[in-house]
K.L.:
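One structure, pasted below without further comment.
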Amino acid sequence: MVDWPARRVLITGAAGFVGQHLVHRVADTGAQVYAGVAPDEEPERVAGLPAQVRRLTFDLRDAVDVHAAVAEAAPHVVFHLAAVGATNPGVDPHLALAVNAGGALNLLEALRKRASEHNDLRRVVLVGTCYEYGRREALEGLDPFNAYAASKAAAWAFGRTYWWEHGLPIVTVRPFQIYGPGQPDHTLIPAAVRAALTGADFPMTPGEQERDFIYVDDIVGGFLVVASAPGVEGQSLDLGTGRVHTLRQVVECVWAMTEAQGQMLPGALPYRPGDVMHLVADAGHTARLTGWRARVGLEEGLRRTIEAKVDEYASR
């Protein structure tokens, strides 16, 4: 187990949806947290970080900036969440490559240099994506179908290289369909909740895509377990429930829970080109290696998400 109060923890992408949840949870342990934020991050998101957290502003594409941030944080544990394109399938491929793969490489090289001088780096958690799997029929095991997924697969490959070649204590985690309070409004569940609460109609694809939906608190819990689990260096671990629901089923659940007055409009939008129809985590493998399993069921997670949105509307 990690003695969190005695640890310095660097979290990149700290102002993002999952990053904010993770920063708060790690700060609550008493660890000394360094929150890495991009220079162009929205000020209100940075302002939402806990007051005791030390903010480090740097561009992952700038190797000098990254080395300086690592030198200042001197981390025992690193969570690398920063990325572009997670909710933008049309992200520019060159930008995705530069930030997601090149940025990860800059971070790994800075950590390698520090580890060669100070033997106190305990774990590096690289956060990938379930979309690296694609259709999962590929002989190689990965089959990314857009620029974001391809760039994250490249980051995974560099992580493996730095584990093999330099002995960095790296573990890759691949979260599945994360949802919960604070998620960007244009993503599926927040958009459906907003439409349901305001009485608006909700145009969507036919919604037959099957996804493994996992509540954000479970994801954060999984990160912390992976950061402390013994003997998992070099592994790639799925973070999901091991169960799937179609997108349409999830929207129907939101409609039922809110008694929505608007109309669901499945089929009003086309599927995205190359959309993968089935993605589910190998939750059993992760449980065997770490003991971690998701705890929050879909209905409970949606209830919490809806309640948070209702509270947000009431406070305006």
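Bear in mind the structure is a predicted one, so any value in this text is a computation, not a measurement. Values reported hereafter were calculated over all heavy atoms of this structure, with side chains retained and with hydrogens, waters and symmetry mates removed.
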K.L.:
Val251 and Met257: same hydrophobic cluster, using ILVMFWY side-chain contacts below 4.5 Å?
P.N.:
yes

K.L.:
Looking at Arg55, I'd like to know if its CZ atom is crowded, meaning that more than 12 non-hydrogen atoms belonging to other residues, nucleotides or ligands lie closer than 6.0 Å.
P.N.:
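Enclosed: over 12 neighbouring heavy atoms sit under 6.0 Å from CZ of Arg55.
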
K.L.:
What's the separation between atom CG in Leu302 and atom SG in Cys253, rounded to the nearest 0.5 Å?
P.N.:
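Rounded to the nearest 0.5 Å, the CG-SG separation comes out at 5.0 Å.
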
K.L.:
Going from CD on Gln209 to CG on Leu188, what distance comes out if it is rounded to the nearest 0.5 angstrom?
P.N.:
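It is 8.5 Å, given to the nearest 0.5 Å.
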
K.L.:
Search all heavy atoms of Gly180 against all heavy atoms of Thr305 and return the closest pair with its distance.
P.N.:
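Nearest heavy atoms, Gly180 then Thr305: CA-OG1, 3.5 Å.
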
K.L.:
Counting only heavy atoms not in Glu299, do more than 12 fall under 6.0 Å of its CD?
P.N.:
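For Glu299, atom CD is not crowded (no more than 12 foreign heavy atoms under 6.0 Å).
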
K.L.:
Ring of Trp156, cation from Arg174 - is the NZ or CZ under 6.0 Å from the centre and inside 45° of the axis?
P.N.:
yes

K.L.:
For the hydrophobic clusters of this structure (ILVMFWY residues joined by side-chain heavy atoms under 4.5 Å, transitively), does one cluster hold both Val26 and Val78?
P.N.:
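Different hydrophobic clusters.
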
K.L.:
Find the distance between CG (Asp3) and OG (Ser228) and round it off to the nearest 0.5 Å.
P.N.:
11.5 Å

K.L.:
Distance check, rounded to the nearest 0.5 Å: Thr205 atom OG1 versus Leu265 atom CG?
P.N.:
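The CG atom of Leu265 is 12.0 Å from OG1 of Thr205, to the nearest 0.5 Å.
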
K.L.:
Heavy atoms, side chains only, cut-off 4.5 Å: are Arg243 and Asp212 in contact?
P.N.:
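No, their side chains stay 4.5 Å or more apart.
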
K.L.:
Could you check whether Glu117 pairs with Lys113 (Lys NZ or Arg NE/NH1/NH2 to Asp/Glu carboxylate O, under 4.0 Å)?
P.N.:
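So Glu117 does not pair with Lys113 through a salt bridge.
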
K.L.:
Would Val127 end up clustered with Val9 when hydrophobic side chains under 4.5 Å apart are linked, directly or stepwise?
P.N.:
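The answer is yes; both residues are in one hydrophobic cluster.
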
K.L.:
Is Glu210 close to His245 at the side-chain level, that is, under 4.5 Å between some pair of heavy atoms?
P.N.:
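No. Closest side-chain heavy atoms not under 4.5 Å.
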
K.L.:
Step through the shown structure and confirm whether more than 12 heavy atoms of other residues, nucleotides or ligands are within 6.0 Å of CZ on Phe158.
P.N.:
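Not buried by this count: 12 neighbours or fewer within 6.0 Å.
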
K.L.:
Looking at Arg112 and Glu165, is there a salt bridge between them, counting it only when a charged N and a carboxylate O are closer than 4.0 Å?
P.N.:
no

K.L.:
Flag yes if more than 12 heavy atoms outside Glu259 fall under 6.0 Å of its CD atom; otherwise flag no.
P.N.:
no

K.L.:
Taking His278 for its side chain and Val244 for its backbone only, find out whether a donor-acceptor pair lies under 3.5 Å.
P.N.:
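The answer is no, because no donor-acceptor pair under 3.5 Å joins these two groups.
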
K.L.:
Let me confirm one number: the CG-CD1 distance from Asp238 to Ile214, rounded to the nearest 0.5 Å.
P.N.:
10.0 Å

K.L.:
Quick check on the hydrophobic clustering: are Val216 and Val173 connected, directly or via other members, by side-chain heavy-atom contacts under 4.5 Å?
P.N.:
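Linked, Val216 and Val173 end up in one cluster.
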
K.L.:
May I ask you to establish whether Arg8 and Tyr34 are in a cation-pi arrangement, using a distance under 6.0 Å from NZ or CZ to the six-membered ring centre and at most 45° from the ring axis?
P.N.:
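Not satisfied by the 6.0 Å and 45° rule.
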
K.L.:
Please assess Tyr313 against Leu197 for the test side-chain contact (heavy atoms from CB on, under 4.5 Å), listing each intermediate value before the final yes or no.
P.N.:
CA-CA 10 Å; Tyr313 286 162; Leu197 293 176; 3.8 Å; yes

K.L.:
With a cut-off of 6.0 Å (strictly less than), are more than 12 heavy atoms of other residues, nucleotides or ligands near CD of Gln261?
P.N.:
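For Gln261, atom CD is not crowded (no more than 12 foreign heavy atoms under 6.0 Å).
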
K.L.:
I'd like to know if Arg293 and Asp218 make a salt bridge, using a cut-off of under 4.0 Å between side-chain N and carboxylate O.
P.N.:
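No salt bridge links Arg293 with Asp218.
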
K.L.:
Mind listing the closest non-hydrogen atom pair of Glu132 and Ala153 along with its distance?
P.N.:
OE1-CA, 3.3 Å

K.L.:
In the structure I gave you, are the side-chain heavy atoms of Tyr162 and Leu111 within less than 4.5 Å of one another anywhere?
P.N.:
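Answer no - side chains too far apart.
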
K.L.:
Cluster question for you: counting only ILVMFWY and a side-chain heavy-atom cut-off of under 4.5 Å, with indirect links fine, are Leu10 and Leu121 together?
P.N.:
yes

K.L.:
What are the two closest non-hydrogen atoms of Val254 and Ala196, and how far apart are they?
P.N.:
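Looks like CG1-CB, 4.0 Å.
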
K.L.:
Any non-hydrogen side-chain atom of Asp40 less than 4.5 Å from a side-chain atom of Asp59?
P.N.:
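No, too far: nothing below the 4.5 Å cut-off.
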
K.L.:
Counting distance only, does the side-chain N/O of Asp143 pair as donor-acceptor with the main-chain N or O of Tyr133 below 3.5 Å?
P.N.:
no

K.L.:
Is there a side-chain hydrogen bond (donor to acceptor under 3.5 Å, both in side chains) between Tyr131 and Gln177 once you walk through the steps?
P.N.:
CA-CA 10 Å; Tyr131 290 104; Gln177 204 77 17; 3.0 Å; yes

K.L.:
Would you say the side chain of Arg25 lies within less than 4.5 Å of the side chain of Leu224, judging by non-hydrogen atoms?
P.N.:
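Touching, per the 4.5 Å side-chain cut-off.
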
K.L.:
State whether the number of non-hydrogen atoms from other residues, nucleotides or ligands found under 6.0 Å of Arg272 atom CZ is greater than 12.
P.N.:
no

K.L.:
Are more than 12 heavy atoms, taken from residues, nucleotides or ligands other than His94, located less than 6.0 Å from that residue's NE2 atom?
P.N.:
no

K.L.:
Ignoring hydrogens, what is the shortest heavy-atom contact between Val226 and Arg123? Give both atom names and the distance.
P.N.:
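Taking every non-hydrogen atom into account, O-NH1, 2.6 Å.
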
K.L.:
If you measure only the distance, is there a donor-acceptor pair under 3.5 Å linking the side chains of Trp292 and Thr286?
P.N.:
no

K.L.:
Taking the six-membered ring for Trp, is the centroid-to-centroid distance between Phe213 and Phe176 below 6.0 Å?
P.N.:
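No - the distance between ring centres of Phe213 and Phe176 does not fall below the 6.0 Å cut-off.
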
K.L.:
State whether the number of non-hydrogen atoms from other residues, nucleotides or ligands found under 6.0 Å of Asn119 atom CG is greater than 12.
P.N.:
no

K.L.:
When the ring planes of Trp255 and Phe202 are compared, do they come out parallel, tilted or perpendicular, using 30° and 60° as the limits?
P.N.:
tilted

K.L.:
Return the minimal non-hydrogen interatomic distance between Ala73 and Leu56, and the atom names on each side.
P.N.:
CB-CD1, 4.1 Å

K.L.:
Counting C-beta onward and ignoring hydrogens, is there a side-chain heavy-atom pair between Phe17 and Thr187 closer than 4.5 Å?
P.N.:
no

K.L.:
Could you go through Val280 and Arg211, starting from their C-alpha distance and side-chain angles, then the distance that decides it, and tell me whether this counts as side-chain contact (heavy atoms from CB on, under 4.5 Å)?
P.N.:
CA-CA 6 Å; Val280 61; Arg211 296 289 184 265; over 6 Å; no

K.L.:
For Tyr271 and Met277, what are the C-alpha separation, side-chain angles and deciding distance, and is it a side-chain contact (heavy atoms from CB on, under 4.5 Å)?
P.N.:
CA-CA 10 Å; Tyr271 289 120; Met277 299 305 292; 3.9 Å; yes

K.L.:
Minimum heavy-atom separation for Pro175 and Gly128, please, with both atom names.
P.N.:
CD-O, 3.4 Å

K.L.:
With a 3.5 Å distance limit and no angle check, can you tell me whether Arg54 reaches the backbone of Val33 through a side-chain donor-acceptor pair?
P.N.:
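No, Arg54 side chain to Val33 backbone: no donor-acceptor pair under 3.5 Å.
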
K.L.:
For the pair Asp217 and Arg304, find out whether any cationic side-chain nitrogen is under 4.0 Å from an anionic carboxylate oxygen.
P.N.:
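Answer for the salt bridge query: yes.
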
K.L.:
Judged by atom type as modelled, is there a donor-acceptor pair below 3.5 Å linking the side chain of Asp185 to the main-chain atoms of Ala191?
P.N.:
no

K.L.:
Does any non-hydrogen side-chain atom of Arg61 lie less than 4.5 Å from one of Leu95?
P.N.:
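They are in side-chain contact.
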
K.L.:
What's the verdict on side-chain contact (heavy atoms from CB on, under 4.5 Å) for Leu237 and Thr172, showing C-alpha distance, side-chain angles and the deciding distance?
P.N.:
CA-CA 6 Å; Leu237 303 173; Thr172 296; over 6 Å; no

K.L.:
Is any side-chain heavy atom of Phe223 closer than 4.5 Å to one of Val18?
P.N.:
yes

K.L.:
For Glu252, is there an ion pair with Arg248 - N to carboxylate O distance below 4.0 angstrom?
P.N.:
yes

K.L.:
Got a donor-acceptor contact below 3.5 angstrom from the Glu41 side chain to the Ala38 backbone?
P.N.:
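No, Glu41 side chain to Ala38 backbone: no donor-acceptor pair under 3.5 Å.
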
K.L.:
To the nearest 0.5 Å, what is the distance between CD1 (Ile178) and SG (Cys130)?
P.N.:
8.5 Å

